[in-house]
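A short write-up of the structure that comes next.
For clarity, every value in this text was computed on a predicted model and none was experimentally measured. Just so we're on the same page: letters track the sequence lines, and every chain starts at 1.
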There are 2 protein chains.
Amino acid sequence: MSPARTARALARETITREILDSARARLSTDGAAALSLRAVARDVEMVSSAVYRYFPSRDALLTALLVESYDELGEAAEAADAAVADRADTAARWLATFRAVRAWCVAHPGEFGLLYGTPVPGYAAPRDTVVPAVRVVRVLARIVGDAYAAGARPTAVPAPVAAATADAPVTVAPGLAFIADQGLWTGTDLADDDVAEAVRRTIIAWTTLFGLISFELFGHQVGSVADPVTWLDEVALRLGADLGIGV
Amino acid sequence: MSPARTARALARETITREILDSARARLSTDGAAALSLRAVARDVEMVSSAVYRYFPSRDALLTALLVESYDELGEAAEAADAAVADRADTAARWLATFRAVRAWCVAHPGEFGLLYGTPVPGYAAPRDTVVPAVRVVRVLARIVGDAYAAGARPTAVPAPVAAATADAPVTVAPGLAFIADQGLWTGTDLADDDVAEAVRRTIIAWTTLFGLISFELFGHQVGSVADPVTWLDEVALRLGADLGIGV
DNA sequence: CTTTGGCAAGAGCGGTGCTCTCGGTTGTGT
DNA sequence: ACACAACCGAGAGCACCGCTCTTGCCAAAG
């Protein structure tokens, strides 16, 4: 960017990219926990110690991969939503987002494992990763908000749930605070109860979507789901219908 | 068992147990992928090569841990269901099972990572693991079957879902073949459509339960869910209500 | 032209899975 | 009672890993 594109800066940029690409390739074959800095070094034909000039530690490399992957996934979700021409067709946007998220994860199983799988043992993701991490659920929330602004409403709470949670405290409250912060749901004249209900179901939808993909990629669906693609479509429809999307 | 409890056989049994226990402890601290045979050897105060007398490879040790953990989790689920005195109260059994599954997973995060997290890179689970692996979902299916035998029915399919899947092939068909095989849902005079719907929702329920626990244990709920325990209760109620459990 | 600093290379430390060999112990058939 | 076989723990060794430190080269900046 700013630091005068000298030959040296350019070379550094190129090599950094090569390292990241090789690391992501290794991610899919070896898994995040077993990501080997030496193996990456061999791939880019450098000595292992040289890689440390670009990333001060294996953890730093992991963080870079984490941010890059979260951003790619979020970008894919946002692009899929934005590609639906009829902005009022929230059902189509909802389905497109579900499909795009799954498609990215299936195309990048290694990165998915890094993002949502077993945490890498001695590694804790730094703060920088939370913003890109919520991009996907932000897309979902925005679609819900648009649907409600257009008059849609969540379906009624099932009677037993309503009875059991009548005087229970709202457990999800801090939950999607950023929804309010970022004004995703302003413009909707929802009652507070409807907002709470919508937040709950949005979180459930995201949780289920993650469960679907995780089961598929980690091999827990063999013999129980014939076709993951149509299965995901159907579940997406059901979750959307609960939210009042797609009437 | 049968092979005459000689002093040697007894010692072998004891040491095998010690190795397994140490390995499971390490599982929680280091993660499944980084499980080090040398580390468990140090824990049981043996030389690493000696451990190979008990498990021919690290993979064999992993398989043993996998089977043992699946069985423990399945046992916990079955015990929770069985502990509900009023067998007709399927809602209570449903909730108890959800709670027990979560409780076991929270108490055994390392084992959970092994069972449901990122697959260990060079390791593929052998056939022996599929039987214990389905015990949990079997418990859920049995409860659903009991509810339907007592007259419960799944709630109506949301209109948009019904419309979209009207002429779509059944994608989940082979799915819970073992439900029919093991006669979990005999005694219910369900229409074929209701059976298909119930199978779908049972799978969705299990998928969502897994997603909930995974998000909680892997740190994707921070800031979005205040109290995982009451949140799980509520989601369990909702999923049960969709299935017609808990009217 | 000199100095600063980025960068590749290599040696070295302690860790890993796994194999092989060497004695000592235990169980068993004669 | 003895001998043979099976078993088992210890140790050395191989090739790999992440990471640190030192050395020396070479381009960029003054």
Side-chain angles (χ1 to χ4, degrees), chain A residues 1-20 22-23 25-27 29-66 114 119-124, chain B residues 1-20 22-23 25-27 29-66 114 119-124:
Chain A
M1 315 275 180
S2 45
R5 319 252 308 166
T6 72
R8 175 172 271 172
L10 213 85
R12 183 174 186 84
E13 205 170 294
T14 305
I15 296 187
T16 303
R17 235 323 1 113
E18 279 178 20
I19 293 176
L20 283 173
S22 296
R26 289 247 160 232
L27 220 51
T29 60
D30 300 350
L35 190 137
S36 152
L37 208 144
R38 284 177 122 103
V40 174
R42 272 196 304 272
D43 289 349
V44 298
E45 290 175 333
M46 285 201 304
V47 136
S48 71
S49 57
V51 179
Y52 284 84
R53 299 289 179 181
Y54 297 87
F55 296 94
S57 71
R58 176 172 169 271
D59 284 6
L61 178 57
L62 277 177
T63 299
L65 293 173
L66 211 50
L114 173 65
V120 179
Y123 173 78
Chain B
M1 311 277 183
S2 44
R5 320 256 302 169
T6 71
R8 176 172 274 172
L10 212 85
R12 181 173 187 85
E13 206 169 294
T14 305
I15 296 188
T16 303
R17 234 324 0 112
E18 279 179 19
I19 292 176
L20 283 173
S22 295
R26 288 249 160 230
L27 220 51
T29 60
D30 299 349
L35 189 135
S36 152
L37 206 143
R38 284 177 122 105
V40 308
R42 275 195 302 271
D43 290 348
V44 298
E45 290 177 332
M46 284 202 304
V47 137
S48 72
S49 58
V51 180
Y52 283 84
R53 303 285 183 189
Y54 297 86
F55 296 94
S57 71
R58 176 172 170 272
D59 284 6
L61 178 57
L62 277 177
T63 300
L65 293 173
L66 211 50
L114 173 64
V120 178
Y123 172 79

Polar atom pairs between nucleotides 8-10 of chain D and protein, under 3.5 Å, N or O only, would you list them?
| unit_1 | atom_1 | unit_2 | atom_2 | d |
| --- | --- | --- | --- | --- |
| D:dC8 | OP1 | B:Arg12 | NH1 | 2.9 |
| D:dC8 | OP2 | B:Arg12 | NH1 | 2.7 |
| D:dG9 | OP1 | B:Tyr54 | OH | 2.7 |
| D:dG9 | N7 | B:Arg53 | NE | 3.3 |
| D:dG9 | O6 | B:Arg53 | NH2 | 2.2 |
| D:dA10 | OP2 | B:Val47 | N | 3.2 |
| D:dA10 | N7 | B:Ser49 | OG | 3.2 |

Expected output is a numbered-order residue list: members of residues 31-39 of chain A with a heavy atom under 4.0 Å from any atom of DNA chain C. What is it?
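By residue number: A:Arg38.
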
Could you work out, with side-chain hydrogen bond (donor to acceptor under 3.5 Å, both in side chains) as the rule, every residue matching A:Thr63, not counting sequence neighbours?
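Checked A:Thr63 against side-chain hydrogen bond (donor to acceptor under 3.5 Å, both in side chains); matches are A:Tyr123.
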
Partners passing side-chain hydrogen bond (donor to acceptor under 3.5 Å, both in side chains) against A:Asp43 (at least two apart in sequence or in another chain):
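So A:Asp43 forms a side-chain hydrogen bond (donor to acceptor under 3.5 Å, both in side chains) with A:Arg26.
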
Quick check on D:dT20: is either OP1 or OP2 less than 4.0 Å from any side-chain nitrogen or oxygen of A:Tyr52?
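No.
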
Rounding to a whole Å, what distance do you find between [X]:[atom1] and [N]:[atom2]?
{"X": "B:Glu13", "N": "D:dC7", "atom1": "CD", "atom2": "P", "value": "16 Å"}
{"X": "B:Leu61", "N": "C:dT16", "atom1": "CG", "atom2": "P", "value": "14 Å"}
{"X": "B:Asp59", "N": "C:dC18", "atom1": "CG", "atom2": "P", "value": "7 Å"}
{"X": "A:Arg26", "N": "D:dC16", "atom1": "CZ", "atom2": "C1'", "value": "12 Å"}

Min side-chain heavy-atom separation A:Ile15-A:Arg53 under 4.5 Å
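Not touching, per the 4.5 Å side-chain cut-off.
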
Do B:Leu20 and B:Leu61 have side chains that get closer than 4.5 Å, going by heavy atoms?
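With C-beta onward as the side chain, the pair touches.
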
Which heavy atom of B:Ser57 sits nearest a heavy atom of B:Leu37, and at what distance?
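Nearest pair, atom of B:Ser57 first, then B:Leu37: C-CD1, 4.3 Å.
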
Which atoms form the tightest heavy-atom contact between B:Ala41 and B:Val51, and what is the distance?
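Reported closest heavy-atom pair: CB-CG2, 3.6 Å.
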
For A:Arg58, what residues pass the salt bridge (Lys or Arg N to Asp or Glu O under 4.0 Å) criterion, not counting sequence neighbours?
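Residues passing salt bridge (Lys or Arg N to Asp or Glu O under 4.0 Å) with A:Arg58: none at all.
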
Could you pull out all residues at least two apart from B:Arg17 that satisfy salt bridge (Lys or Arg N to Asp or Glu O under 4.0 Å)?
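With sequence neighbours excluded, B:Arg17 shows a salt bridge (Lys or Arg N to Asp or Glu O under 4.0 Å) to B:Asp21, B:Glu68, given in chain and number order.
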
Scan B:Ser48 against the nucleic acid and name what it touches under 4.0 Å (heavy atoms): base, sugar-phosphate only, or nothing.
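Answer is base: heavy atoms of B:Ser48 come under 4.0 Å of a base.
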
Start at the 5' end of DNA chain D and walk down; is the nucleotide closest to A:Arg42 or to A:Pro56 reached first?
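Result of the comparison: A:Arg42.
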
